[in-house]
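Presented below is the structure to which this report refers.
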Amino acid sequence: MPKSPLALLLLSATMLASCSTTAPPPPAEPPVAAVPAPPAPKPTFGDYGVDIAGMDRSILPGNDFYSYVNGTWARNTPIPPDKANSGAFDVLQDLSRERTRTILEGEQARPESKIGAAYAAYLDTAAIEAKGLAPIKPWLDRIKGVTSRAGYAALVAEADVNGLNVPFGAGVGQDSKDPERYALQMGQAGLGLPDRDFYLSPEDAKLAAAKAAYQAHIARMFTLAGEPDAAARAQAIVAFETAIAKVSWTRTQSRDADKTYNKMAVTEFARIAPGFDFATYFKGIGIPSDQVIVGQPSAITGIAALIRKTPIGVLRDQLLLRSLDSFAPVLPAAFDTERFAMYSTVLSGTPEQPERWKRGVDYTSGILTDEVSKLYVARYFPPETKAAADALVKNVIDAMNARIDKLDWMTPETKIKAHAKLAAFTPRIGYPDQWRDYGSLQIVPGDAFGNTLRANQWSHRYNAGKLGQPIYRWEWGMAPMTVNAQANFGLVAITFPAAILQPPFFDPNADPAVNYGGIGAVIGHEMSHHFDDQGAKFDLKGRLVTWWTPQDVSNFNALTGKLVAQYNAYEPLPGRKLNGELTLGENTADLAGLNAAYDAYHASLGGKPAPVIDGTTGDQRFYLGWAQVWRRSYREADMIQRLKTDPHAPSQQRAWIVRNLDPWYDAFKPAEGETLYLAPAQRVRIW
């Protein structure tokens, strides 16, 4: 134990005194008690990082590993009334939001602060109410004044610049086949409901009810805005969007990187989609380009044809609706309440709207992301957390490299390229090393609507300005306050914002096994995305190019087909099964990431056996850490929507990926006949 400073000082004084023969002896001093070392910091959960109290040991791990780890938590933890679902991610997001609130409230005291002005204006509901529809009226009048199809194309461009959802989604992004350049890109859009199936499934009572509620919502929004014939106009909009849904690609089709890369001359594009004046539209959005990459060509052609035959009044009305819905949070409360009732209560089952300050934090962080982020990381992301995460990333990369060498389905020549791609990875931890400049964004105190409109326009100009510029490799597209992680195929990057590097994902005071099962598996997940069924189509430079041999592809598809079948069989709600094709990329990444993290954990032991803690082995704690991070409860409406739109499996089924891993069987000894048990030959082994 190190001596206290006082003890050292007394020892020095005694030694000096003994050197003198004339000085009288010093007076007796009482003995100084040794200062005990401070206790080691405890993990956030339990004694080693696992929430033992949240487990349900009456459930066999082999019957439902998720509920074994999280069952008591799930029974005793209601979903908050302002959430559609709730779990580990939300606990951290709530913490992040509270911390950000402290920052924003401090900024309100600084008259020159854009952050403070934007936040205060959003919170000033009395001022918003007093202005009524006056701030948005010029834009609504602009929409109503369009009477020709040529005028409609210019109007759609203006709406796009203003941040509205229009029938086509256009913007500037990295060219997948020429990743050192930006390109104009376009994809299908135009739906007000979450997915085409909501329009096209009359036999599904829940989806049909949501469609009917959407039509009623449109009518109510028009009535609130003082528009006549609201019911008939709402019906016409829904009929138009139903026709759009019929020509739209499914989400499974739209996740295919090859099929969604269709580069062509703008003149050729206009020729194959003659129902809409794209020349006027492209000019209006201010992105000059002679080429465009089209995501879903047949859908764009179909939507253009629908526009040509749809009455101009219906086209205008759809933009009126989009305007009222998009700007509802900064319009009078009746609009905000009605929008919440449709998009949060009907579609997600959320009973209560979050408090205004919570929405204000999200709003301000959204329009001034990097300005808020700079303050957040300075206060809440210590350098030692970044250093520890860097070390974990390195260990998982090493483990993935070793796994590549052991693959029996990948050819030797492809393994060489896979190692090179791993070596090219850019791990991004905590926050970016460069920030965007918001100097040209005007934030006016007390002008919530104007601030929102100008922020949308600024964001559009910022995106459009990338064309012809070097790739912004420093740009994340994800704020440090976000509890999430990301794989970027074009940049060959993996990103872990500051807010996710906290318990239960990462706790520097927890047992390493728990951290490797938590954030280690998340790191491996994002890393392995670069080798999933879509990420594997991008090489070490981020180019969409074939670098696997036909044999590799054939072998890989045979294995992933088994994973698709496994997840197709899961039924999170009675009569509603998972879509194994839609969730394939995420399920593959879970499988690979967990394998790599497991190997990295064992490598970190340096050949020594893991300690037994509270009767648990290191391997058991590793898998407990994995299942713990996925604890989440869902409202029924939210689950229905997710099964149609989310490429991730629900949390329970994500935890079940362990049934494919041999070490899990060794750790928990599930018996043949238990629900999750798979015979060795049935286990999916990809990575």
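Nothing here was measured: the structure is a model prediction, and the numbers come from that model.
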Verdict with supporting geometry, E581 and N568, side chain to side chain donor-acceptor pair (under 3.5 Å): CA-CA 8 Å; E581 288 283 356; N568 277 341; over 6 Å; no
Minimum side-chain heavy-atom gap I293-D175 below 4.5 Å: yes
Row check, Y152 ring normal vs R149 NZ/CZ: under 6.0 Å, within 45°: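 No cation-pi geometry.
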Please indicate whether [X] has more than 12 foreign heavy atoms, meaning atoms of other residues, nucleotides or ligands, lying under 6.0 Å from its [atom1].
X: K144; atom1: NZ; answer: yes
X: K562; atom1: NZ; answer: no
X: K206; atom1: NZ; answer: no

Looking only at non-hydrogen atoms, find the nearest pair between [X] and [Y] and report the distance.
X: G349; Y: R635; result: O-CD, 2.9 Å
X: V69; Y: R631; result: O-NH2, 4.3 Å
X: V166; Y: A159; result: CG1-CB, 3.7 Å
X: I312; Y: V146; result: CG1-O, 4.3 Å
X: S298; Y: W249; result: OG-NE1, 2.8 Å
X: Q296; Y: Q188; result: OE1-N, 2.8 Å

Is it the case that the side chain of [X] and the backbone of [Y] share a donor-acceptor pair, with hydrogens and angles ignored and the cut-off at 3.5 Å?
X: T364; Y: G360; value: yes
X: N262; Y: V294; value: yes
X: S528; Y: A589; value: yes
X: S651; Y: W630; value: yes
X: T345; Y: T350; value: yes
X: E241; Y: R196; value: no
X: E129; Y: A333; value: yes
X: T560; Y: N557; value: yes
X: E571; Y: R576; value: no
X: D160; Y: V156; value: no

Step-by-step side chain to side chain donor-acceptor pair (under 3.5 Å) determination, T242 to K211: CA-CA 10 Å; T242 300; K211 181 180 179 180; 3.3 Å; yes
Step-by-step side chain to side chain donor-acceptor pair (under 3.5 Å) determination, W73 to S633: CA-CA 10 Å; W73 170 86; S633 298; over 6 Å; no
Sequence neighbours excluded - side chain to side chain donor-acceptor pair (under 3.5 Å) pairs with any residue from residues 299-315: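 As it turns out, there is no side chain to side chain donor-acceptor pair (under 3.5 Å) pair with a partner in residues 299-315 once direct neighbours are skipped.
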Less than 4.0 angstrom from a charged side-chain N to a carboxylate O is my criterion; do [X] and [Y] meet it?
X: D94; Y: R101; result: no
X: R359; Y: D82; result: no
X: E98; Y: K358; result: no

Side chain to side chain contact (heavy atoms under 4.5 Å, CB included) assessment of L92 paired with S96: CA-CA 6 Å; L92 289 185; S96 176; over 6 Å; no
Derivation and outcome, side chain to side chain contact (heavy atoms under 4.5 Å, CB included), residues F240 and I307: CA-CA 9 Å; F240 175 51; I307 288 174; 4.3 Å; yes
Candidate pair Y119 and V361, rule side chain to side chain contact (heavy atoms under 4.5 Å, CB included), full reasoning: CA-CA 7 Å; Y119 183 57; V361 168; 4.1 Å; yes
Stepwise side chain to side chain contact (heavy atoms under 4.5 Å, CB included) test for T583 and L578: CA-CA 8 Å; T583 59; L578 264 169; 4.2 Å; yes
Aromatic contact, F505 with F89 (centres under 6.0 Å): yes
For Y261, ring-ring contact (aromatic ring centres under 6.0 Å, His included) partners two or more places apart: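 Residues passing ring-ring contact (aromatic ring centres under 6.0 Å, His included) with Y261: none at all.
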Residues which pass ring-ring contact (aromatic ring centres under 6.0 Å, His included) with F449, listed by chain and number, not counting sequence neighbours: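 Once residues adjacent in sequence are excluded, the partners of F449 under the ring-ring contact (aromatic ring centres under 6.0 Å, His included) criterion are F327.
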Donor + acceptor pair across side chains of K644, Q641 (<3.5 Å): no
Which side-chain N or O atoms in residues 269-279 pair as donor and acceptor under 3.5 Å with protein atoms at least two apart or in another chain?
{"residue": "R271", "atom": "NE", "partner": "E268", "partner atom": "OE1", "Å": "3.0"}
{"residue": "R271", "atom": "NH2", "partner": "E268", "partner atom": "OE2", "Å": "2.7"}
{"residue": "D277", "atom": "OD1", "partner": "A279", "partner atom": "N", "Å": "3.4"}
{"residue": "D277", "atom": "OD1", "partner": "T280", "partner atom": "N", "Å": "3.2"}
{"residue": "D277", "atom": "OD1", "partner": "T280", "partner atom": "OG1", "Å": "3.3"}
{"residue": "D277", "atom": "OD2", "partner": "T280", "partner atom": "OG1", "Å": "2.5"}

Please set out all donor-acceptor pairs under 3.5 angstrom arising from side-chain atoms of residues 217-224, sequence neighbours excluded.
{"residue": "H217", "atom": "ND1", "partner": "E338", "partner atom": "OE2", "Å": "2.7"}
{"residue": "H217", "atom": "NE2", "partner": "D325", "partner atom": "OD1", "Å": "3.0"}
{"residue": "H217", "atom": "NE2", "partner": "D325", "partner atom": "OD2", "Å": "3.2"}
{"residue": "R220", "atom": "NE", "partner": "E338", "partner atom": "OE1", "Å": "2.9"}
{"residue": "R220", "atom": "NE", "partner": "E338", "partner atom": "OE2", "Å": "3.2"}
{"residue": "R220", "atom": "NH2", "partner": "E338", "partner atom": "OE2", "Å": "3.4"}
{"residue": "T223", "atom": "OG1", "partner": "A219", "partner atom": "O", "Å": "2.9"}

Separation between [atom1] of [X] and [atom2] of [Y], rounded to the nearest 0.5 Å:
X: R142; Y: K137; atom1: CZ; atom2: NZ; answer: 14.5 Å
X: I136; Y: L324; atom1: CD1; atom2: CG; answer: 5.5 Å
X: L164; Y: N456; atom1: CG; atom2: CG; answer: 7.5 Å
X: D197; Y: T250; atom1: CG; atom2: OG1; answer: 8.5 Å
X: L193; Y: L207; atom1: CG; atom2: CG; answer: 9.5 Å
X: N63; Y: T675; atom1: CG; atom2: OG1; answer: 4.0 Å

Sole candidate of T452, V161, L441 that passes side-chain contact (heavy atoms from CB on, under 4.5 Å) when paired with Q457: V161
Identified ring pair (Phe, Tyr, Trp, His ring centres under 6.0 Å) partner of W656 from the options F65, Y567, Y66, Y570: Y570
Trace of the side chain to side chain donor-acceptor pair (under 3.5 Å) decision for H529 with Q486: CA-CA 9 Å; H529 263 314; Q486 180 195 67; over 6 Å; no
Partners meeting side-chain hydrogen bond (donor to acceptor under 3.5 Å, both in side chains) with D317 (sequence neighbours left out): R233
